[in-house]
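Below: the structure, in structure tokens.
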Protein chains: 2
Amino acid sequence: MATQTQPRAGARIPLSRDRVLRAAVGVADEGGVESLTMRHLAEVLGVEAMSLYYHVANKDDVLDGIVDVVAEEINDAVSQIVVPSKGADWKKAVRERILSARHVLLRHPWAPGVLETRTNMSSAVVRYYDGLLGLLRDGGFSYDVAHHALHALGSRALGFTQELFDPDDNDAGDEAATAMLEQMADELPYLIGMMREVAHVDPDSTLGWCDDQVEFEFGLDLILDGLDRLRATS
Amino acid sequence: MATQTQPRAGARIPLSRDRVLRAAVGVADEGGVESLTMRHLAEVLGVEAMSLYYHVANKDDVLDGIVDVVAEEINDAVSQIVVPSKGADWKKAVRERILSARHVLLRHPWAPGVLETRTNMSSAVVRYYDGLLGLLRDGGFSYDVAHHALHALGSRALGFTQELFDPDDNDAGDEAATAMLEQMADELPYLIGMMREVAHVDPDSTLGWCDDQVEFEFGLDLILDGLDRLRATS
DNA sequence: ACCTGAACACCGTTCAAGT
DNA sequence: ACCTGAACACCGTTCAAGT
């Protein structure tokens with residue numbers, strides 16, 4: 001009776017950005033993203049659609065938010081993995097991390113598709129990639145090769161295709177992204193390290209430094225060479 | 001003056017499914033899929049939105065159609081490639097075909113995203129995969145390994161992620177798809193051959209025979225092994 | 001045969017107004 | 001501080017009606 005200001009026993013917990021996003025993830029899990037409308041989301045929360053706008057900016061903000069929630073869930077899962085990753089062990093460590101991410105994504109099959117449409121990058125996603133890059137470094141890869149490796153893994157790393165750092169030739173976006181990463185520097189030791197090294201080699205470069213065609217061919221040739229070896233041994 | 005029934009010089013060519021789809025591709029190329037609304041499409045064609053429904057069933061039909069138009073464009077492009085593909089030459093042949101497909105897709109960057117959302121499979125896309133499978137067969141791969149190879153190429157084969165033959169555990173869909181493929185048998189010698197062989201080994205299987213987890217791990221390990229070899233030689 | 005106008009059920013979103 | 005009602009500009013789509 002003395003808890004907060006609820007006049008009824010109907011568990012009148014107030015809305016919050018967090019509660020909205022959690023409900024949104026639930027709606028998407030249940031009926032797919034196409035069922036995630038502001039009006040439906042409000043209904044699930046027992047509230048009018050317009051009330052949502054007090055806690056989130058707009059629908060895009062909701063989509064950014066649910067991607068972040070899922071990426072956080074992945075980070076929680078992979079953070080519980082404790083396996084050696086130094087030297088030759090890098091492969092098992094990367095394999096386990098990626099399969100663990102996939103396992104989470106299977107519960108949110110809509111997530112990769114939504115992730116592809118985001119222009120704002122999720123800080124949780126960036127942290128995930130930083131961890132992956134760290135494992136590659138543990139394996140002894142140079143930043144340059146590790147960078148190619150992330151591209152080669154591509155959709156397999158997080159269940160989606162689009163190149164994470166492909167800002168569509170948008171230099172303003174590049175700079176904003178770079179600034180954002182610099183701000184998270186202590187959370188992203190490897191990505192920052194990679195950027196610094198690239199900046200050292202090519203001072204004019206920003207996050208948009210990579211050549212999509214080159215990365216595509218690198219990944220393609222890696223697969224074709226692997227298949228060719230399979231062919232030779234069969 | 002004697003051509004058809006045009007009362008004016010304004011090039012009053014009548015609407016047709018083909019013209020609608022071509023215009024739709026143009027709209028998407030210009031402003032992205034999000035700009036492709038029935039009303040806007042009609043405006044571009046100088047017609048009322050409702051007129052479109054005489055030539056296409058609905059918007060989904062338009063999306064199916066524009067995917068098919070692009071896939072046809074890819075098929076035209078790759079059909080002009082003439083390189084040997086027997087034996088060890090398979091790799092160069094596959095490489096060239098895939099890079100050629102990518103080249104076309106760069107002109108229609110919205111296409112992979114739309115392709116992912118389609119539940120009806122495009123016959124042009126299926127024909128593309130049949131050709132790719134043919135090249136793998138030329139290289140001496142068994143149907144079984146070639147099948148894994150297609151999965152491993154995944155998004156790189158056509159610029160999109162989602163497994164082509166993953167009918168979401170929909171058995172009815174599987175059967176419909178299988179029937180559709182059988183009907184195109186003379187156009188799809190390799191896919192049909194693959195299906196027949198699988199049916200021989202496992203009579204109960206349909207197109208849904210493949211285990212997503214197994215295919216994912218196959219492709220992942222191919223990449224990780226390739227990277228590990230790179231690590232060893234550097 | 002081909003196209004249209006009016007209408008319906010849905011979107012996301014704004015804004016002034018309620019408590 | 002938090003929520004809402006009415007309203008707006010957009011969707012896809014149906015259906016009866018025009019030529």
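Order of the sequence lines sets the chain letters (A, B, ...), proteins ahead of strands, with each chain counted from 1. All heavy atoms count here, side chains included; hydrogens, waters and symmetry mates do not.
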TODO: State whether the side chain of B:His40 and the backbone N or O of B:Ser35 hold a donor-acceptor pair below 3.5 Å, judged by distance alone.
DONE: yes
Sorted by position of nearest nucleotide on DNA chain C, 5' first, the leading residue of B:Leu15 and B:Arg39 is B:Leu15
Salt bridge (Lys or Arg N to Asp or Glu O under 4.0 Å) filter on A:Glu187, not counting sequence neighbours, yields A:Arg127
Whole-Å distance, A:Leu45 CG to D:dC2 P, equals 16 Å
Of C:dC3, C:dT13, D:dC3, the nucleotide closest to the side chain of A:His55 is D:dC3
Side-chain atoms of A:Asn58 come closest, of C:dT13, D:dT4, D:dT13, to C:dT13
Side-chain N or O of B:Tyr53 closer than 4.0 Å to phosphate OP1/OP2 of D:dT13: yes
Residue pair A:Leu52/B:Ala49 against DNA chain D: nearer the 5' end by closest nucleotide is A:Leu52
What one should report as the nearest heavy-atom pair of B:Val56 and B:Val20 is CG1-CG1, 4.1 Å
Pairing partner of C:dG12, by Watson-Crick or G-U wobble and under 3.5 Å for both distances, is D:dC8
Paired to D:dC3 by Watson-Crick or G-U wobble criteria (both distances under 3.5 Å) is none
Here the distance between atom C1' of D:dG12 and atom CD of B:Glu34, to the nearest Å, is 17 Å
Report task. May I ask you to evaluate whether A:Ser51 reaches the phosphate of D:dC2, defined as a side-chain N or O under 4.0 Å from OP1 or OP2? Result -> no
Here the distance between atom C1' of C:dC10 and atom CG of A:Leu41, to the nearest Å, is 16 Å
Discussion item. OP1 or OP2 of C:dC2 versus the side-chain N and O atoms of B:Tyr54: is any pair under 4.0 Å?
Written reply: yes
_Assess whether a salt bridge exists between B:Arg118 and B:Asp64, defined as any Lys/Arg side-chain N lying under 4.0 Å from an Asp/Glu carboxylate O._
yes
Whole-Å distance, A:Glu48 CD to C:dC11 P, equals 14 Å
Base, sugar-phosphate, or nothing for B:Met50, non-hydrogen atoms under 4.0 angstrom? base
B:Met38 CE to C:dC3 P, in whole Å, measures 14 Å
B:Arg97 side chain to B:Ala157 main-chain N or O, any donor-acceptor pair under 3.5 Å? no
Between NZ of B:Lys59 and C1' of D:dC10 the distance, given in whole Å, is 12 Å
